[in-house]
Q: 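Pasting in a structure now, in structure tokens, and then I'll have a few things to ask.
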Amino acid sequence: MTRVRANPASQAAFLARNVADALPAGGLERRLEQAVEAGRPLRVKLGLDPTAPDIHLGHTVVLQKLREFQDLGHRVVLIVGDYTARVGDPSGRSETRPALSAEEIAANARTYERQAFRVISDDPDLYELRFNGEWLDMSMEALFGLARTTTVAQLLDREDFATRYRAGAPISVLELLYPLMQGYDSVAVRADVELGGTDQTFNLLLGRDIQRHYGQPEQAVLTLPILPGIDGVEKMSKTKGNQIGVTEEPSSMFAKTMRLPDEAMATWFELLAVEPSAPEIPPRDAKRALARAIVSRFHGDVAAAAAEQAFDRIFVEHGVPDEVADADVSASDGIVHVPAALGEAFGVSRSEARRLLAQGGVRVAGQPLAADELDVPRARLDGEVVQLGRRRFRRLRVR
RNA sequence: GGGGGGAUGCCCGAGUGGUUAAAGGGGACGGGCUGUAAACCCGUUGGCUCUGCCUACGCAGGUUCGAAUCCUGCUCCCCCCA
């Protein structure tokens with residue numbers, strides 16, 4: 001059952017790829033040595049937020065590293081922050097996040113787990129899932145014990161707290177408690193290693209301090225670079241709308257990747273581990289290779305080839321995709337009111353449809369519809385593919 | 001306990017009685033350009049039965065010919081002093 005490889009040094013070298021920081025220096029290697037001596041796998045922790053269940057490419061950077069630990073025989077411990085999500089995290093602005101119900105959290109956790117298995121292994125020897133409500137639903141006395149481990153000065157060391165404090169911006173006590181709770185998770189699962197994005201460095205390191213206060217060996221910390229979103233600049237996140245989900249359609253994955261600014265390509269090649277490095281070819285072709293590799297990774301080679309073809313048809317040849325969804329629209333006396341029909345077919349408001357029409361953003365069978373063509377005979381639209389903007393298509397059926 | 005500040009469109013943020021569907025920026029969307037992109041240029045960005053009408057500036061009332069702007073009450077938020 002113990003598949004842990006010997007040779008800690010080579011394991012550490014293997015695991016160092018793509019890592020932003022390994023703290024403390026040599027820490028991981030020491031834990032690997034100890035694991036070999038004790039003849040047991042390491043427990044590698046990753047905390048996750050059950051408020052956003054869908055996994056995007058940004059998450060896969062860390063998940064990939066977890067996978068590599070698994071490949072060396074180590075055990076991944078995913079922790080669902082169900083307790084914290086139930087309280088509602090007020091961080092950032094004053095907009096208190098809605099507290100989720102237990103059912104929602106459970107459902108989100110299942111979704112997350114299912115999607116995570118596209119990257120990590122679900123082998124029960126190499127994986128466990130835990131909910132932190134299991135141990136955070138503690139007594140006041142226990143909370144006092146946890147609160148004693150850390151000082152306000154330590155917390156104010158964290159950059160975003162420091163910045164906000166200096167600016168006189170609000171920081172709730174609850175927010176200050178979050179790093180403590182996350183650190184206690186490490187105590188509860190006896191983590192040997194914890195992974196996270198570089199933006200989690202403070203929390204991960206605080207976990208070490210808290211473990212020490214509880215008389216446990218301190219976890220090694222590995223931080224991974226943050227993957228920029230498809231805008232090429234900001235961190236990939238659902239709220240920014242710059243993400244590519246691992247369950248997204250192949251064609252959408254492909255097209256979104258192609259929109260990535262050139263400057264971010266090298267980073268994507270590296271972090272998404274699709275190929276050793278950006279090939280020395282023109283950027284356009286490199287990006288195609290990147291897009292193909294990403295789609296292949298999650299949908300297979302066949303789907304990737306199809307996605308590329310569809311992309312060429314729509315964006316290069318300005319044609320119509322193979323698969324166009326049908327939409328029923330209504331007519332009266334054989335006349336179709338275009339804004340209404342677009343509203344029905346694409347779910348936009350009539351005002352928005354009028355604007356698009358006025359800007360030449362509506363095409364019927366490839367030909368722009370004139371701005372003043374508000375009412376057209378049904379024959380003009382029935383059975384035709386209507387294009388709204390650059391990438392929305394519907395085949396209309398006039399009833 | 002005391003004092004002060006604030007709530008505006010997707011977000012940030014101007015506006016302190018009428019010319020304000022509400023400056024400016026961001027984002028998004030559309031068109032042009034292009035390599036698919038970025039950059040750049042132009043345009044749009046509440047709804048509708050669309051040369052007009054309706055709804056909108058935390059909530060509820062009030063003053064006024066007329067209010068996001070003034071008054072009253074309420075809710076929520078923030079800062080400072082103690």
Q: Residues in ring-ring contact (aromatic ring centres under 6.0 Å, His included) with A:Phe202, at least two apart?
A: none
Q: Report the secondary structure of RNA chain B in dot-bracket form, marking unpaired bases with a dot and bases paired to a different strand with |, and treating Watson-Crick or G-U pairs with both distances under 3.5 Å as paired.
A: ((((((((.[[[..)..(.....]]]((((((.......))))))(((...)))...[[[[[..)....]]]]]))))))).
Q: Mind calculating the distance between CZ (A:Arg284) and C1' (B:A37) to the nearest angstrom?
A: 12 Å
Q: Taking atom P in both B:C74 and B:C79, compute the distance separating them and give it to the nearest angstrom.
A: 23 Å
Q: With a 3.5 Å distance limit and no angle check, can you tell me whether A:Asn242 reaches the backbone of A:Asp231 through a side-chain donor-acceptor pair?
A: no
Q: Can you measure A:Asp312 atom CG to B:U36 atom P for me and round it to whole angstrom units?
A: 9 Å
Q: For residues 358-375 of chain A, which side-chain N or O atoms pair as donor and acceptor with protein atoms under 3.5 Å away, sequence neighbours left out?
A:
residue  : atom : partner  : partner atom : Å
A:Glu373 : OE1  : A:Ala370 : N            : 3.0
A:Glu373 : OE2  : A:Arg380 : NH1          : 2.7
A:Asp375 : OD1  : A:His337 : ND1          : 2.9

Q: Rounding to an integer number of angstrom, what distance separates B:C57 and B:A22 when you compare their P atoms?
A: 15 Å
Q: Given the rule that I, L, V, M, F, W and Y join up when any side-chain heavy atoms are under 4.5 Å apart, are A:Phe393 and A:Val336 in one cluster?
A: no
Q: What is the distance from CG of A:Leu374 to P of B:C48, rounded to the nearest Å?
A: 14 Å
Q: When rounded to the nearest Å, what value does the distance between C1' atoms of B:A56 and B:A7 take?
A: 15 Å
Q: Can you tell me, in whole Å, how much space there is between the C1' of B:G9 and that of B:G25?
A: 14 Å
Q: What integer distance in Å separates A:Leu290:CG from B:A38:C1'?
A: 16 Å
Q: In whole angstrom, what separates A:Glu263's CD from B:A39's C1'?
A: 9 Å
Q: If we ignore angles and hydrogens, is there a donor and acceptor under 3.5 Å between the side chains of A:Gln115 and A:His59?
A: no
Q: Can you tell me, in whole Å, how much space there is between the P of B:U55 and that of B:C48?
A: 15 Å
Q: Can you tell me, in whole Å, how much space there is between the C1' of B:C29 and that of B:C78?
A: 35 Å
Q: Less than 3.5 Å between a donor and an acceptor, one on the side chain of A:Asp262 and one on the base of B:G35, is that the case here?
A: yes
Q: Whole-Å distance between B:C10 P and A:Asn242 CG?
A: 21 Å
Q: Would A:Ser252 and A:Glu248 count as having a side-chain donor-acceptor pair, cut-off 3.5 Å?
A: yes
Q: Just by protein heavy atoms under 4.0 Å, how would nucleotides 22-30 of chain B read 5' to 3' in B, S and -?
A: -------SB
Q: For residues 212-242 of chain A, which residue pairs qualify under ring pair (Phe, Tyr, Trp, His ring centres under 6.0 Å), counting only residues two or more places apart or in two chains?
A: A:Tyr184-A:Tyr214
Q: Which whole-number value in Å describes the distance from A:Asp372 CG to B:U51 P?
A: 14 Å
Q: For A:Arg395, enumerate each residue passing the salt bridge (charged side-chain N to carboxylate O under 4.0 Å, His left out) test, keeping only those at least two apart in sequence or located in another chain.
A: none
Q: As a test of understanding, state which of A:Gln200, A:Gln211, A:Arg43, A:Lys45 forms a side-chain hydrogen bond (donor to acceptor under 3.5 Å, both in side chains) with A:Glu194.
A: A:Lys45
Q: Taking the P atom of each, how far is B:G4 from B:C10, in whole Å?
A: 34 Å
Q: Would you say the side-chain atoms of A:Arg31 and A:Gln34 include a donor-acceptor pair closer than 3.5 Å?
A: yes
Q: Just checking A:Ser351: base, sugar-phosphate only, or nothing, at a heavy-atom cut-off of under 4.0 Å?
A: base
Q: Expressed as a whole number of angstroms, how long is the span from A:Asp285:CG to B:U36:P?
A: 11 Å
Q: Please compare A:Ser349 and A:Pro261 by the position of their nearest nucleotide in RNA chain B and report the one closer to 5'.
A: A:Pro261
Q: Would you measure the distance from the C1' atom in B:G17 across to the matching atom in B:A68 and give it in whole Å?
A: 11 Å
Q: Which is more 5' along RNA chain B, the nucleotide nearest A:Thr257 or the one nearest A:His337? Just name the residue.
A: A:Thr257
